[in-house]
Peer 1: 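Structure below; questions to follow.
Owing to the predicted nature of the structure, the values given are computational and were not obtained by experimental measurement. To find a chain, count down the sequence lines: A is the first, B the second, and so on, and within it residues start at 1.
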2 protein chains.
Amino acid sequence: MELVRRTIERYVPLRDTEWQRIAPHWTEHAFSRGAFVSAVGQVEQRFYIVKSGVQRLSFPHDGQDICVGFAYDGSWSGDYASFVTRKPGQFDVVAITDSVLLGIRHEDLQRLYSELPIMERFGRLIMEELLVGRGTREIEQLSLSAEDRYDRLVARSPHLLQLVPQKDIASYLRMTPETFSRLRRKR
Amino acid sequence: MELVRRTIERYVPLRDTEWQRIAPHWTEHAFSRGAFVSAVGQVEQRFYIVKSGVQRLSFPHDGQDICVGFAYDGSWSGDYASFVTRKPGQFDVVAITDSVLLGIRHEDLQRLYSELPIMERFGRLIMEELLVGRGTREIEQLSLSAEDRYDRLVARSPHLLQLVPQKDIASYLRMTPETFSRLRRKR
DNA sequence: AGCCGTTCTTGATCCATATCAAGTGGACGT
DNA sequence: ACGTCCACTTGATATGGATCAAGAACGGCT
């Protein structure tokens, strides 16, 4: 739970009195490898911080899962779009390894937004960060070759290669597992 | 200027006293066809609402401009990522038609965020909306074929076809102008 | 109006990567 | 330890869209 406080304080300062209002709304949730944190068609109930484990964000398409991201220690997890819109989501979030997530319910977060201006600011800053991240990723997807994207992933998140099946990484890099396998061999 | 008030009120209610604090910070900016609203490498000074005209959001890549979006009447414009991070941006924003934008400077918006909680909420809601839009677009880019992406654009934003050069739309749809031209012919 | 550069069209060809197919290896449960 | 199920590899073939090329139409400027 201390992780939640540290995480929020990366964005805004928190007084003890404020933290005491915030803390009770966060709860711990364990997911075994393979379990769905969120599923297509369901409204995302919580916004999560990853305490441990790796999760895959993907959506199904012609019987395949197309992977659009991973979440791991210290990052956000869940289907933000569904959480924010309160509409059925388009993404699956699956625990790739046993995972522990810290989550807050939508209604509780909304109440905190109204009660604590500092939380509203926290929410804005997170959304800004996620939006900036998407922009960066979009540029990378469009301007880097498959091999460069692989290198970038290795450089930035080498641990993923041990934890995540190659077929998921291949999908994340927009190629078939066959192409991924052939690229690897070239190294 | 009334447009700014109406736009903000799509997200949050505004009292007259609040609006009187907000209004003075917005200014009108005219751009002729072809003019740069924002350019790669510069820090975005303002966050804009489009009063009239169409702008293209793109980034340069081996001598080509890759188009990632358009802005038009009532939508947001500018390089949000640079505006938010205060770092040199990676995108060009170019007026495709003569345009009039309503803009607020970063420092002024920050002051409003601190002074008016309702504005902080407004900021959060915009960022949420932009983030959700990106997610939707990402799914479409990845799951639809070139032909389907074309059909979808025609169905949803037919007006763009009149306003924007086909090469820009082609780039936005991730295909060459030749492929775009052939798809058109087929219909 | 007439000129010139840009955008758009159309056809021929090419290539990176997908798809199909078949075999190998490793992890996990009983 | 064994069998089963996936994940991964490797080779052969197919294909969507890119690239190259060349002409037509459009639009902005003097």
Side-chain angles (χ1 to χ4, degrees), chain A residues 31-36 53-56 58-67 70 92 94-98 140-151 153-154 159-187, chain B residues 31-36 53-54 56 58 60-67 70 92 94-99 140-154 158 160-187:
Chain A
F31 298 89
S32 306
R33 196 166 82 80
F36 279 68
V54 180
Q55 303 89 49
R56 184 190 68 194
S58 62
F59 66 94
H61 175 63
D62 303 332
Q64 304 264 352
D65 279 335
I66 300 184
C67 178
F70 301 99
D92 287 322
V94 175
I96 289 183
T97 67
D98 289 352
E140 282 177 14
Q141 289 293 330
L142 295 174
S143 63
L144 298 182
S145 70
E147 269 181 79
D148 289 343
R149 296 201 301 277
Y150 174 80
D151 290 342
L153 186 80
V154 170
H159 58 293
L160 278 185
L161 294 165
Q162 326 307 328
L163 297 169
V164 176
Q166 288 181 17
K167 74 187 170 71
D168 289 334
I169 298 180
S171 166
Y172 179 71
L173 297 177
R174 306 290 158 260
M175 62 182 79
T176 58
E178 291 92 330
T179 298
F180 184 82
S181 175
R182 284 185 254 264
L183 275 179
R184 284 185 104 218
R185 186 145 71 112
K186 277 172 64 177
R187 310 255 135 180
Chain B
F31 297 89
S32 306
R33 198 167 81 78
F36 280 68
V54 180
R56 184 190 69 195
S58 61
H61 176 63
D62 342 297
Q64 303 263 354
D65 279 336
I66 301 184
C67 177
F70 300 100
D92 287 322
V94 174
I96 289 183
T97 67
D98 289 351
S99 299
E140 284 178 13
Q141 290 295 327
L142 295 175
S143 62
L144 300 180
S145 68
E147 200 166 338
D148 290 343
R149 295 200 300 279
Y150 172 82
D151 289 343
R152 172 82 58 125
L153 185 82
V154 170
L160 276 185
L161 295 166
Q162 327 307 328
L163 297 169
V164 176
Q166 288 181 18
K167 75 186 170 70
D168 289 334
I169 299 179
S171 166
Y172 178 71
L173 296 177
R174 306 289 159 258
M175 62 183 79
T176 58
E178 291 93 329
T179 298
F180 184 85
S181 176
R182 284 185 254 267
L183 282 177
R184 264 183 124 223
R185 181 123 202 271
K186 276 172 69 174
R187 308 280 137 165

Peer 1: Please check this pair: side chain of A/Ser32 against backbone of A/Asp98, looking for a donor-acceptor N/O pair closer than 3.5 Å.
Peer 2: no

Peer 1: Just to verify, what does B/Asp65 make a salt bridge (Lys or Arg N to Asp or Glu O under 4.0 Å) with, not counting sequence neighbours?
Peer 2: B/Arg56

Peer 1: Rounded to whole Å, how long is the line connecting atom CG of A/Leu183 with atom C1' of C/dA16?
Peer 2: 11 Å

Peer 1: Tell me every residue that passes salt bridge (Lys or Arg N to Asp or Glu O under 4.0 Å) with B/Asp148, counting only those two or more places apart in sequence or in another chain.
Peer 2: none

Peer 1: Give every pair of a protein N or O atom and an N or O atom of nucleotides 19-26 of chain C that lie under 3.5 Å apart, one pair per line with the distance.
Peer 2:
| from | atom 1 | to | atom 2 | distance (Å) |
| --- | --- | --- | --- | --- |
| C/dT19 | O4 | A/Arg182 | NH2 | 3.2 |
| C/dC20 | N4 | A/Glu178 | OE2 | 3.2 |

Peer 1: Provide, to the nearest angstrom, the distance between the CD1 atom belonging to B/Ile96 and the P atom belonging to C/dT7.
Peer 2: 12 Å

Peer 1: Who pairs with A/Leu163 by side-chain contact (heavy atoms from CB on, under 4.5 Å), at least two apart in sequence or on another chain?
Peer 2: A/Val54, A/Thr97, A/His159

Peer 1: For B/Asp92, give me all partners under side-chain hydrogen bond (donor to acceptor under 3.5 Å, both in side chains), at least two apart in sequence or on another chain.
Peer 2: none

Peer 1: Assess whether side chain to side chain contact (heavy atoms under 4.5 Å, CB included) is satisfied between B/Leu153 and B/Tyr172, documenting all intermediate values.
Peer 2: CA-CA 10 Å; B/Leu153 185 82; B/Tyr172 178 71; 4.0 Å; yes

Peer 1: Could you pull out all residues at least two apart from A/Leu161 that satisfy side-chain contact (heavy atoms from CB on, under 4.5 Å)?
Peer 2: A/Tyr150, A/Val154, A/Ile169

Peer 1: Separation of B/Asp148 atom CG from D/dG17 atom C1', in whole Å?
Peer 2: 14 Å

Peer 1: In dot-bracket, 5' to 3', how would DNA chain D read with Watson-Crick or G-U wobble pairs under 3.5 Å, [ ] for crossing ones and | for pairs to another strand?
Peer 2: ||||||||||||||||||||||||||||||

Peer 1: List in chain and number order the residues that pass side-chain contact (heavy atoms from CB on, under 4.5 Å) with B/Ser181, two or more places apart in sequence or in another chain; answer none if no residue qualifies.
Peer 2: none

Peer 1: For DNA chain C, determine which residues of residues 166-175 of chain A have any heavy atom closer than 4.0 angstrom to one of its atoms, and list them numerically.
Peer 2: A/Arg174, A/Met175

Peer 1: Quick check: do A/Glu178 and A/Phe180 have side-chain heavy atoms less than 4.5 Å from each other?
Peer 2: no

Peer 1: Whole angstroms only, please: what is the CZ-C1' distance between A/Phe180 and D/dT10?
Peer 2: 16 Å

Peer 1: Between D/dC8, D/dG11, C/dT10, which nucleotide has the shortest distance from any of its atoms to the side chain of B/Arg185?
Peer 2: C/dT10

Peer 1: Measure all distances between protein nitrogen or oxygen atoms and nitrogen or oxygen atoms of nucleotides 24-30 of chain D, and list the pairs falling under 3.5 Å.
Peer 2:
none

Peer 1: Contact between B/Phe70 and B/Ile96 at the side-chain level, heavy atoms closer than 4.5 Å - yes or no?
Peer 2: yes

Peer 1: Quick one: list whatever passes side-chain hydrogen bond (donor to acceptor under 3.5 Å, both in side chains) with A/Thr179, sequence neighbours left out.
Peer 2: A/Thr176

Peer 1: Taking only residues two or more places apart in sequence or in another chain, which ones pass salt bridge (Lys or Arg N to Asp or Glu O under 4.0 Å) with A/Glu140?
Peer 2: A/Arg152, A/Arg156

Peer 1: Does atom CZ of A/Arg33 have more than 12 heavy-atom neighbours from other groups under 6.0 Å away?
Peer 2: no

Peer 1: Let me know the distance between CZ of B/Arg184 and C1' of C/dC8, rounded to the nearest Å.
Peer 2: 9 Å

